[in-house]
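Structure, as structure tokens:
A, B, ... follow the sequence lines: proteins, then strands. Residue 1 opens every chain.
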Protein chains: 2
Amino acid sequence: MNHEIVDIETKMLDNWRKAMPSASIVLRSAISSGGHGPAIRWCRLRAGEKQAEVLPGLLALAPEGRVVVLADEPGDALTLEVLAAGAVGCCNTHAAPEVLQQVALVVGNGGLWVGQSLLQQLVGNAARVLAQRQPVGESATMLNGLSEREWQVAKLVAGGASNKEIADRLSIAERTVKAHLTAIFEKTGARDRLQLSLKVNGMNR
Amino acid sequence: MNHEIVDIETKMLDNWRKAMPSASIVLRSAISSGGHGPAIRWCRLRAGEKQAEVLPGLLALAPEGRVVVLADEPGDALTLEVLAAGAVGCCNTHAAPEVLQQVALVVGNGGLWVGQSLLQQLVGNAARVLAQRQPVGESATMLNGLSEREWQVAKLVAGGASNKEIADRLSIAERTVKAHLTAIFEKTGARDRLQLSLKVNGMNR
DNA sequence: TTGACTATTGCACCAAAGTACAATTTTTCG
DNA sequence: CGAAAAATTGTACTTTGGTGCAATAGTCAA
């Protein structure tokens, strides 16, 4: 993994060095705009600094990079701000090296890094909303009146499984899977498994 | 890290064994209540099972442990439910070993594990901003250095197009589309067009 | 210029996906 | 119980997806 640490001075903290020994360190004023940027840019936000004065410029210069903010004074509000600005994570400047590596792992795989307290608040909100408008029984019959079995097959297909894998998972013959799929295609209007996947995952329509 | 896998049978899936070779496997009916429990308990929720019938008992018996749910049929709603019940994570039963180890790392350090699609919903506006930024950046760095042409093909595949349709759209032979796809599969690690679609659309994790 | 990389295409071939036609078993419900 | 619907499976077939091998041609940088 290719890392770059952006700060207003080049002196690194020990925990950064331990977490990412191979990272390059650059001044904010000397960010490379062209070429292939690093996989992950770690941008330090020092105490008292406003993220709005630092992040936009950085993100504009390197739109292809994933930016994680290292905040001297982290908080849930700040995290929300930097995510809204386009960063993919926000954590404490003085986090342990192991934590930083963990962040790198998650972010490197396309994830977002959010602190636990904020996440729990968000989860709490969503749980309340979902509890009200998600009758549990719905999931069984949605998508144009699929039967329970057909819905099982549809979900597995949507997850990328092959017919053989689905057959093994459900302990039925591969031919039966195909029969279900034919029925599913008919009911949903999908042309093939890929378009079904898009429908199930809500990417279509 | 001390692991315990809880299921209704003791036969482990291959990916679990690879991810946690030293884990102990126990039946749900034989959970050790006293003494020092494992650092992380992985509780499998098989297809059709209700988390409400499994989790509360497990959490009551071992209040000190961190429980991660391995769901045969994962989903955002289920994730919210199990987190609300007291679990610290929820992921796919058939997740790759590397993913499971990542989950163990996050959970072991006090984090919560949430799938990307749910997290993005939770973060809401911030995620929407990100969703628009991602495709641009991914063409250059993410998705393992695809060429411009390959990226065009990948996007069309992700949209549900057939090889013939892609060929017509790009005014090239269908054979050429296949050639690009072979290269794309190699670079991205996708097994077929459906899994590529999931990767491009960010449904994977 | 030469080497590395990308784009393009053909031919042959195998594997997976999907359809047509037909049959049996299980479940559900009045 | 008996009818209807859903689930299951088989054989055979067509189509699409994907790979291996090989060749031609353009671009870009050392």
Side-chain angles (χ1 to χ4, degrees), chain A residues 32 34-36 137 139-201 204, chain B residues 46-48 72-73 94 138-201 204:
Chain A
S32 60
H36 292 77
S139 64
T141 53
M142 70 173 285
L143 222 55
N144 303 297
L146 296 187
S147 72
E148 187 61 35
R149 202 57 157 170
E150 288 165 351
W151 182 239
Q152 287 178 5
V153 172
K155 278 187 294 187
L156 289 170
V157 164
S162 68
N163 288 346
K164 182 71 171 66
E165 289 170 337
I166 297 172
D168 291 343
R169 190 98 44 104
L170 300 181
S171 301
I172 55 180
E174 187 176 343
R175 178 63 187 83
T176 311
V177 175
K178 290 184 176 181
H180 286 310
L181 274 175
T182 300
I184 294 170
F185 293 152
E186 169 67 22
K187 288 180 181 176
T188 61
R191 184 178 56 185
D192 53 35
R193 62 201 302 111
L194 181 42
Q195 296 205 340
L196 173 63
S197 165
L198 296 179
K199 276 182 193 291
V200 171
N201 288 325
N204 220 333
Chain B
R46 302 181 94 88
D72 282 12
E73 296 174 344
H94 304 89
E138 282 183 345
S139 65
T141 54
M142 182 71 188
L143 238 44
N144 305 292
L146 296 186
S147 72
E148 193 57 37
R149 200 56 156 170
E150 288 165 350
W151 182 241
Q152 287 177 4
V153 172
K155 278 186 296 186
L156 288 170
V157 165
S162 69
N163 288 345
K164 182 73 173 65
E165 289 170 338
I166 297 172
D168 290 344
R169 190 88 54 95
L170 300 181
S171 299
I172 55 180
E174 188 176 342
R175 180 61 186 90
T176 311
V177 174
K178 291 183 176 180
H180 285 310
L181 273 175
T182 299
I184 293 169
F185 293 151
E186 168 67 24
K187 288 181 180 176
T188 62
R191 183 179 58 183
D192 53 35
R193 62 200 301 110
L194 182 41
Q195 297 206 339
L196 173 63
S197 165
L198 295 178
K199 276 183 195 287
V200 172
N201 289 324
N204 219 332

B/Ser162 side chain, from C-beta outward: closest of D/dA7, C/dA7, D/dG17: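 Nucleotide nearest to B/Ser162's side chain: D/dG17.
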Atom [atom1] of [X] to atom [atom2] of [N]: distance rounded to whole Å?
{"X": "B/Gln195", "N": "D/dG18", "atom1": "CD", "atom2": "C1'", "result": "14 Å"}
{"X": "A/Leu194", "N": "C/dA16", "atom1": "CG", "atom2": "P", "result": "18 Å"}
{"X": "A/Arg149", "N": "C/dT27", "atom1": "CZ", "atom2": "C1'", "result": "13 Å"}
{"X": "A/Lys164", "N": "D/dG17", "atom1": "NZ", "atom2": "C1'", "result": "19 Å"}
{"X": "B/Glu148", "N": "D/dT27", "atom1": "CD", "atom2": "C1'", "result": "15 Å"}
{"X": "B/Arg193", "N": "C/dA15", "atom1": "CZ", "atom2": "C1'", "result": "15 Å"}

For the pair [X] (side chain) and [Y] (backbone), establish whether a donor and an acceptor sit closer than 3.5 Å, ignoring hydrogens and angles.
{"X": "A/Thr188", "Y": "A/Ile184", "value": "yes"}
{"X": "B/Thr182", "Y": "B/Lys178", "value": "yes"}
{"X": "B/Asp192", "Y": "B/Gln195", "value": "yes"}
{"X": "A/Arg193", "Y": "A/Ala161", "value": "yes"}

Residue from A/Leu170, A/Val200, A/Val177 passing side-chain contact (heavy atoms from CB on, under 4.5 Å) with A/Leu156: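 For A/Leu156, the side-chain contact (heavy atoms from CB on, under 4.5 Å) check succeeds only for A/Leu170.
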Pairwise 5' ranking along DNA chain C for B/Glu150 and A/Arg191, keeping only the more 5' one: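 Mapping each residue to its closest nucleotide by heavy atoms, the 5'-most match is B/Glu150.
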A/Glu165/B/Arg191 ion pair, N-O < 4.0 Å: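 Yes.
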Short side-chain N/O contact from A/Asn163 to OP1 or OP2 of C/dA16, under 4.0 Å: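 It does not, given that no N or O in the side chain of A/Asn163 lies less than 4.0 Å from OP1 or OP2 of C/dA16.
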Side-chain N or O of A/Ser147 closer than 4.0 Å to phosphate OP1/OP2 of D/dA7: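 Yes, because at least one side-chain N or O of A/Ser147 sits under 4.0 Å from OP1 or OP2 of D/dA7.
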Pair A/Lys187-A/Glu150, side chain to side chain contact (heavy atoms under 4.5 Å, CB included): steps then yes or no: CA-CA 10 Å; A/Lys187 288 180 181 176; A/Glu150 288 165 351; 2.8 Å; yes
Atom pair CZ/NE2 of B/Arg175 and B/His180 - distance to nearest 0.5 Å: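 B/Arg175 CZ to B/His180 NE2: 10.5 Å, rounded to 0.5 Å.
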Sub-4.0 Å heavy-atom contacts from residues 177-185 of chain A onto DNA chain D, ordered by number: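 Heavy-atom contacts with DNA chain D come from A/Ala179, A/His180.
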A/Ile166 side chain reached by A/Glu174 side chain, heavy atoms, under 4.5 Å: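 Side chain of A/Glu174 against side chain of A/Ile166, heavy atoms only: no contact under 4.5 Å found.
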Contacting residues from residues 166-176 of chain B, given that a heavy atom lies under 4.0 angstrom of DNA chain C: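 Residues of residues 166-176 of chain B under 4.0 Å from DNA chain C: B/Ile172, B/Ala173, B/Arg175, B/Thr176.
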